[in-house]
Amino acid sequence: MNRVVVGAQWGDEGKAKITDLLAQDADLIIRYQGGCNAGHTVVAHNKTFKFHLIPSGILYKDKTCFIGAGTVVLPEYFEEEIKGLIEEGIDVSGLKINPLASITMPWHTEVDGYSESTAGKGKIGTTKKGIGPTYTDKMARIGLKIGDLYNEESLSEKLDIILPLKNKQLKEVYGLKTYTKDDVMSLCKKYAEIFKPYVCFDWQKVLEDAKRNNKTVLFEGAQGVMLDIDYGTYPFVTSSNPIGGGAATGSGYGPKMIDEVIGVAKAYVTRVGEGPFVSELKDDTGIKIREIGHEYGVTTGRPRRCGWFDAVTMKYAVLVGGLTSVALTKIDVFDTFDEIKVCTAYKDTRDGKVYTNYPTDVFMHKYLEPIYESYKGWGEDITGIREYDKLPENCKKYLSRLEEILEVPISIVSVGPDREQTIFRK
Ligand code: IMP
């Protein structure tokens, strides 16, 4: 069974834990998009591990963990992440990088920082890890790929084309410092050393062998459907395709390799950065969710915006994300809540029009208010429960209603951060 794990909201849904659990059954784990903008926390061996780019499957021995062609890699960050894992005694010999993955160069992070600090109202609230500018250059066909680092002749030719253009942009558009070819060549030499133990030029063979031998593949997504560059709350999105379909473009396998797409969603919603969020709670309930759920960014430390579960965006995520089931996380955060709400529709405050399907014109979202269904809390600690039938009745009622609205099963319920705190349903 080849599975994709997709974030079904605005990222930070607890994908890392679900990926980590499913990685037990996988032979090959492929991260297919994004870069070190992601922050994935896994609790294992009584320790907390924080991942940004490296698939968390690396915590298991004998798995091949691939960083796919659809990703963007910031070399210094990658080096630091590897170092941290090695220091914790983790064997990283199973890690491979597709040479077609794009490199985030220093000018990408500089432009990201500049754009964010000068955008005023147009600020996206990015992680400032150079994600947007790296993907921009990739699409403009003036990016560098990891494979380029190992061919001095072609690297030199590419830089002759890229650098004059880049320097003109850096100087005239952004007023930022420029780069000499010597600077960049020596930087690239350093990068070549960083990636050398992991870059996999025979990646086709690894993928072919896995396919031929019916190995199990797990496709690991980052961010979430609502941050997808095509289907998310554009322009308040990331610059890649976290949706299930992104697994095919970013990994090197076709869509027929995928059997299941598991959308990970929290029992409530969080968002970091700017952008619309109809069910956001700007009151004490929002603060309560943030504090109990420890909703602070792994990559940036920013407090996350919190709100009730939004079934309107989630139904949309089921459709465009290609979800075949849902893993619902952090439901235990509601253990002390008397009332739990679910947003099932939006109402346009201008004309009273009600939307049950997600309106993709995000600029009108400021006029929308949530319509809620209300559920009674269960008032007990569920973090020790391991069987679905043993969950409190009110909790099961809430879960059944979500399944009814979303029209896909909730196959996994997570009741705490540890691997063991998980309920698998048949
Ligand atoms: P970028 O991906 O750094 O360009 O940021 C674009 C938007 O995506 C911002 O709103 C970020 O806060 C958001 N974002 C990027 N990565 C993550 C993530 O892993 N979790 C949650 N939000 C993210």
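Predicted model only: the values in this text are computed from it and were never measured. Atoms within each ligand, like the ligands themselves, are counted from 1 in listed order.
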With hydrogens left out, which residues have an atom under 4.0 Å from ligand 1, given that only heavy atoms count? Trp10, Gly11, Asp12, Asn37, Ala38, Gly39, Ile124, Gly125, Thr126, Thr127, Ile131, Gln223, Leu227, Val237, Thr238, Val272, Gly273, Arg302
If the plane angle is over 60° it's perpendicular, under 30° parallel, otherwise tilted; pick one for Tyr174 and Tyr114. perpendicular
With the threshold set at 4.0 Å, does a side-chain nitrogen-carboxylate oxygen contact exist between Arg419 and Asp20? yes
Check the orientation of Phe219 and Tyr253. Use parallel for under 30°, tilted for 30 to 60°, and perpendicular for over 60°. perpendicular
In terms of relative ring orientation, are Tyr398 and Trp378 parallel, tilted or perpendicular, with 30° and 60° separating the classes? tilted
Residue pairs, two or more places apart or on separate chains, that pass side chain to side chain donor-acceptor pair (under 3.5 Å) and touch residues 68-80: Glu76-Tyr191
Glu260: which of Val5, Thr324, Leu323 passes side chain to side chain contact (heavy atoms under 4.5 Å, CB included): Thr324
